[in-house]
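To keep things clear, I will list the structure first and then write my remarks on it.
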Amino acid sequence: MSPWRRGYWREASNLIKKGDGCPRKKADAAQDRDAGDKPPTPVIAAFKVFQHELDTKHDKYERLVKISRDVTIESKRTIFLLHRVTSVPNAEEILNEAEVKLDGVRQKIGQIAEELRGEDIYQFHRAFTPGIQEYVEAVSFLHYIRHRSLISLEEINASLVFMRTEEVGAQDAAETLLPGTHVLTFQVTPSDYLLGVADLTGELMRMCISSVGNGDIDTPFQLSQFLRQIHDGFSYIGNTGPYEVSKKLHTLRQSLAKVEDACYALRVRGSEIPKHMLADVFSSRTTLIDPEEGVV
């Protein structure tokens, strides 16, 4: 290497050691100092507002997910409790206990309504829809056991009205805070209602199995007729309903076919089968349903 090149690299390395060989870092540091001294530009200020809005929305979304999870858990516990009505002498105690549990679930839904106050619910619908569907399933199951009919969407929404108390600041700062109340309502969407009713059919099929196992051969025929009515109602919707409904329709058809098979076996061979073996009629025949064809 020539002496000129050796001198050039020696000088360059000395500059790097002193920090003078990093002009880009020096420029970035100077730019940061200038940015700290100057007020933010309109673009930066706008993006800070966007950041705050997105953080607020994400935090609210996570809170709704947690509340929906609690609603789902308590609704499932209510459904498990209601399945005991076929095996206890006093079913009214079970139904009253289920009512108390559902009141607690409704308070959780009131928290969802509080979070959604002033918001577009469809921005957060995915966060709480699993819990609402499970609640619809639980409350419709209880309603069927009591009244042998399907609860309507209007009846469900009528029970989701909440009174909230809040402190309202007086005009004079020296005055005490005055209590104020406002009404919150939560409206279950038609799609959540349909999906909850579709899940109800599975619980009715399990109720049918429990009834047969306890020697009750009248309930399966009632359930079969009720499930057929629900199936006919879903058939009227066809492909015009939500996409999730078409996926659950196959499960609905399976439940209906299983109950109808059991009713057929009970009608034909019911007098021959001992009561302690009646539950076997559900497993004696395997229900094979083509997803494309369904029940005819």
Side-chain angles (χ1 to χ4, degrees), residues 64-65 67-80 82 95 98-99 101-117 119-162 183-207 223 225-256 294:
L64 289 171
V65 169
I67 299 173
S68 175
R69 190 179 300 119
D70 294 339
V71 171
T72 301
I73 293 173
E74 292 301 322
S75 298
K76 286 183 179 294
R77 289 174 178 172
T78 304
I79 292 172
F80 296 154
L82 289 173
L95 298 179
E99 284 283 6
K101 285 184 174 293
L102 287 179
D103 286 338
V105 175
R106 279 188 278 269
Q107 295 306 314
K108 293 289 185 180
I109 297 178
Q111 297 179 19
I112 296 178
E114 187 75 35
E115 291 285 351
L116 296 176
R117 185 168 57 162
E119 300 282 356
D120 180 9
I121 67 170
Y122 290 101
Q123 289 187 356
F124 304 94
H125 185 251
R126 290 175 62 92
F128 60 83
T129 182
I132 299 303
Q133 293 176 30
E134 201 69 33
Y135 168 74
V136 171
E137 180 181 355
V139 73
S140 58
F141 192 26
L142 173 61
H143 187 273
Y144 176 79
I145 295 174
R146 282 193 179 277
H147 306 287
R148 300 299 178 182
S149 62
L150 179 64
I151 190 171
S152 66
L153 177 60
E154 291 75 16
E155 291 176 295
I156 293 178
N157 287 333
S159 63
L160 299 178
V161 179
F162 313 97
V183 179
L184 284 178
T185 59
F186 183 88
Q187 298 294 309
V188 176
T189 62
S191 61
D192 288 343
Y193 172 74
L194 290 175
L195 294 172
V197 172
D199 292 334
L200 169 68
T201 58
E203 304 304 330
L204 294 179
M205 185 267 293
R206 296 180 184 92
M207 180 181 177
L223 289 172
Q225 183 179 3
F226 183 69
L227 288 174
R228 171 59 70 177
Q229 293 173 352
I230 293 180
H231 176 266
D232 293 342
F234 275 94
S235 299
Y236 286 122
I237 298 174
N239 295 329
T240 60
Y243 171 69
E244 293 84 357
V245 172
S246 61
K247 294 193 299 182
K248 292 192 176 183
L249 189 58
H250 176 58
T251 305
L252 189 158
R253 289 167 175 165
Q254 285 183 321
S255 300
L256 173 61

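Remember, it's a predicted structure, so these values are computed and weren't measured experimentally.
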* To do: For side-chain contact (heavy atoms from CB on, under 4.5 Å), just list the numbers for Glu115 and Phe128, CA-CA rounded to whole Å, side-chain angles, deciding distance to a tenth of an Å, and then say yes or no.
  => CA-CA 11 Å; Glu115 291 285 351; Phe128 60 83; over 6 Å; no
* Would you sort out whether Phe186 and Leu116 count as a side-chain contact (heavy atoms from CB on, under 4.5 Å), showing the intermediate values? => CA-CA 9 Å; Phe186 183 88; Leu116 296 176; 4.0 Å; yes
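- Looking at Leu160 and Leu184, their side chains never come closer than 4.5 Å, going by heavy atoms from C-beta outward.
- Atom CD of residue Glu74 and atom CD of residue Glu134 lie 11.5 Å apart, to the nearest 0.5 angstrom.
- The environment of CZ in Arg148 is crowded: more than 12 heavy-atom neighbours from other residues, nucleotides or ligands sit within 6.0 Å.
- At distances below 3.5 Å, at least one donor-acceptor pair connects side-chain atoms of Ser75 with backbone N or O atoms of Val71.
- In this structure, Ile112 and Phe124 have side chains that are not in contact, with every pair of non-hydrogen atoms separated by 4.5 Å or more.
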* To do: Using the side-chain contact (heavy atoms from CB on, under 4.5 Å) rule, take His231 and Leu227 through it: C-alpha gap first, then chi angles, then the decisive distance, then the call.
  => CA-CA 6 Å; His231 176 266; Leu227 288 174; over 6 Å; no
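- In terms of modelled atom types and a separation under 3.5 Å, the side chain of Ser140 and the main chain of Val136 share a donor-acceptor contact.
- Annotation for Arg106 and Asp103: closest pair NH2-OD1, 2.6 Å, computed over non-hydrogen atoms.
- Between the CD1 atom in Ile121 and the CG atom in Leu64 there is a gap of 11.0 Å [rounded to 0.5 Å].
- Between Leu102 and Ala138, the shortest heavy-atom contact is CD2-CB, 4.0 Å.
- Considering every non-hydrogen atom in both Ala98 and Leu142, the closest pair reads CB-CD1, 4.4 Å.
- Residues satisfying the ring pair (Phe, Tyr, Trp, His ring centres under 6.0 Å) criterion with Tyr144, sequence neighbours excluded, are Phe226.
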* Take Arg69 and Thr72, measure what side-chain contact (heavy atoms from CB on, under 4.5 Å) needs, and give me the verdict at the end. => CA-CA 5 Å; Arg69 190 179 300 119; Thr72 301; 5.6 Å; no
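- In terms of heavy-atom proximity, Asn157 sits nearest to Val161 at O-CG2, 4.2 Å.
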Please tabulate, for side-chain N and O atoms in residues 193-205, each donor-acceptor pair with protein atoms closer than 3.5 Å (sequence neighbours left out).
from   : atom 1 : to     : atom 2 : distance (Å)
Tyr193 : OH     : Ile151 : O      : 2.6
Asp199 : OD1    : Lys248 : NZ     : 3.1
Asp199 : OD2    : Lys248 : NZ     : 2.8
Thr201 : OG1    : Ala198 : O      : 2.6
Glu203 : OE1    : His83  : NE2    : 2.7
Glu203 : OE2    : Arg206 : NH1    : 3.2

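- Tyr135 is not listed as a side-chain neighbour of Thr78, based on a closest heavy-atom distance of 4.5 Å or more.
- Atom CD of Gln225 sits in a sparse spot, with 12 or fewer heavy atoms from other residues, nucleotides or ligands closer than 6.0 Å.
- Heavy-atom minimum distance, Met207 versus Phe141: SD-CE1, 3.8 Å.
- Here the straight-line distance linking atom OG of Ser159 with atom CD of Glu154 works out to 12.0 Å at 0.5 Å rounding.
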